[in-house]
Protein chains: 2
Amino acid sequence: MHRHEGHDACRSDAPDMLARAEALCRERGLQFTPLRRDVLEAVAESDKAQGAYDIAERLSVPGKRVAPVSVYRALDFLMEQGLVHRIASRNAFIPCAHGHAPGEGVIFLICRSCGAVDEASSADVEGGLERTLERAGFTPTHSILEVEGDCGACRKRARTP
Amino acid sequence: MHRHEGHDACRSDAPDMLARAEALCRERGLQFTPLRRDVLEAVAESDKAQGAYDIAERLSVPGKRVAPVSVYRALDFLMEQGLVHRIASRNAFIPCAHGHAPGEGVIFLICRSCGAVDEASSADVEGGLERTLERAGFTPTHSILEVEGDCGACRKRARTP
DNA sequence: TCTGGCGGTGATACACTGTAACAAACCCGC
DNA sequence: GCGGGTTTGTTACAGTGTATCACCGCCAGA
Ligand SMILES: [Zn+2]
Ligand SMILES: [Zn+2]
Ligand SMILES: [Zn+2]
Ligand SMILES: [Zn+2]
């Protein structure tokens with residue numbers, strides 16, 4: 001398993017995130033447009049999962065409104081490029097600070113008190129899941145694993161108030 | 001792991017499902033009202049995951065309309081009692097034909113071609129997940145694991161058309 | 001018997017999430 | 001410049017879920 005160490009290095013490092021994204025798009029011959037940049041920046045600005053409408057509102061300024069549909073399109077693009085994840089149990093989105101290996105499963109750790117979403121992965125879990133699916137005669141194309149609970153920081157905070 | 005054998009015994013056996021539900025409610029001192037019965041029956045009638053609005057429409061007859069909000073309330077009740085599951089990736093609901101042990105994890109196998117949803121569980125996966133969460137300092141309260149892919153029947157059908 | 005509480009339901013309205021369709025703008029190679 | 005693909009703007013709409021209040025039925029307790 002790899003849990004990414006130094007949680008800070010991961011989220012809230014929007015500039016790095018943007019640079020990575022731009023490089024990745026250039027490399028793949030895709031357009032890293034201003035809208036896509038802004039949406040990614042907005043997602044990366046918080047370590048909480050954010051809804052598409054929240055992002056749209058955040059990007060809107062009195063003179064210039066960003067419609068949710070535009071945000072959805074940008075998010076679709078960013079998800080295809082592996083730059084953001086969708087949290088199905090929250091209908092919300094987080095930036096991805098990992099370059100996941102293709103087919104690598106991701107485990108989302110969603111803190112119910114602070115709302116932060118962390119990513120982990122586990123060869124154990126993945127191996128067990130593969131075996132289970134094979135025994136069930138099921139050929140997977142995509143899977144989601146989301147865990148809700150209390151993150152270490154919040155648990156500590158609760159113990160020593 | 002236990003995969004329930006005889007997929008037929010599981011879904012589409014609405015009468016059994018209803019009898020189980022009624023017994024369970026009586027045992028717990030809860031009301032198995034006509035609305036709850038009807039909603040459970042509607043959910044159990046298909047092996048596909050069904051949306052709340054589909055259920056509402058199915059239960060509505062010219063003279064008597066069942067509002068989605070009523071369906072949601074019944075579904076909330078049925079979920080609390082462990083009689084139905086919500087499939088987060090589909091915003092839809094399936095009947096539960098298993099009496100899950102408390103805290104037992106469930107794996108949902110969602111066929112993308114026929115839409116059927118099967119349940120499985122795996123001690124391997126659960127153990128691996130527990131270890132991963134502990135190492136991450138995360139205390140889980142609830143987790144969802146949903147896999148999309150092709151079920152055995154559909155794969156076979158595709159091979160021999 | 002009356003009455004007050006309580007859980008369940010009906011009904012309306014509303015908030016939130018996501019997509020379809022079409023037009024306009026943009027980019028890029030010919 | 002022209003033609004064709006991609007991106008964005010705009011509007012409308014479909015789908016999902018919740019808040020609120022009123023009403024009903026039941027049952028315990030006065
Ligand atoms: Zn990631
Ligand atoms: Zn937390
Ligand atoms: Zn179940
Ligand atoms: Zn199938």
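Below, chains carry the letters A, B, ... as their sequence lines are ordered, and counting in each starts from 1. From a predicted model like this one, the values you see are computed outputs, not experimental measurements.
For the side-chain hydrogen bond (donor to acceptor under 3.5 Å, both in side chains) test, no residue two or more places apart in sequence or in another chain qualifies with B/D54. Take A/R86 and apply the side-chain hydrogen bond (donor to acceptor under 3.5 Å, both in side chains) test, not counting sequence neighbours, and it matches A/N91. Evaluation of the side-chain hydrogen bond (donor to acceptor under 3.5 Å, both in side chains) rule for B/R155 yields A/T139 as partners, not counting sequence neighbours. Under the rule for a salt bridge (Lys or Arg N to Asp or Glu O under 4.0 Å), the partners of A/D150 that lie at least two apart in sequence or sit in another chain are A/R112. Contacts of A/R131 classified as salt bridge (Lys or Arg N to Asp or Glu O under 4.0 Å), with partners at least two apart in sequence or in another chain: B/D124. Applying the side-chain hydrogen bond (donor to acceptor under 3.5 Å, both in side chains) criterion to B/R37, with sequence neighbours excluded, gives B/E41.
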Polar atom pairs (N or O), protein with nucleotides 8-10 of chain D, under 3.5 Å:
residue: D/dT8; atom: OP1; partner: A/T33; partner atom: OG1; Å: 2.4
residue: D/dG9; atom: OP1; partner: A/K64; partner atom: NZ; Å: 3.2
residue: D/dG9; atom: OP2; partner: A/S70; partner atom: OG; Å: 3.1
residue: D/dG9; atom: N7; partner: A/R73; partner atom: NH2; Å: 2.7
residue: D/dG9; atom: O6; partner: A/R73; partner atom: NH1; Å: 3.2

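Against DNA chain D, the stretch residues 76-89 of chain B makes heavy-atom approaches under 4.0 Å through B/R86. For DNA chain D, no neighbouring residue in residues 22-29 of chain A is found when judged by any heavy atom under 4.0 Å.
Here the shortest heavy-atom pairing between B/D38 and B/L59 reads O-CD2, 3.8 Å. Taking each heavy atom of A/C154 and A/C114 in turn, the nearest pair found is SG-CB, 3.5 Å. The shortest heavy-atom contact between B/V84 and B/L75 is CG2-O, 4.1 Å.
Listed by first and then second residue, the ring-ring contact (aromatic ring centres under 6.0 Å, His included) pairs that reach into residues 102-128 of chain A are A/H85-A/F108, sequence neighbours excluded. For residues 53-77 of chain B, the set of pairs meeting the ring-ring contact (aromatic ring centres under 6.0 Å, His included) definition, not counting sequence neighbours, is empty.
Remark: P of D/dG15 and OH of A/Y72 are 15 Å apart, rounded to the nearest angstrom. Across the protein-nucleic acid pair, B/R90 atom CZ and D/dG15 atom P stand 16 Å apart, rounded to whole Å. The interatomic distance linking B/D54 (CG) with D/dA14 (C1') rounds to 12 Å, in whole Å.
Residues A/E104 and A/H98 bring no donor and acceptor atom of their side chains to less than 3.5 Å of each other.
Of all nucleotides in DNA chain C, those with any atom nearer than 4.0 Å to a heavy atom of chain A start and finish, going 5' to 3', at C/dT17 to C/dA21.
Between A/N91 and D/dT16 there is no side-chain N or O to OP1 or OP2 distance below 4.0 Å.
Using a 4.0 Å cut-off between charged nitrogen and carboxylate oxygen, A/R90 and A/E146 do not count as a salt-bridge pair.
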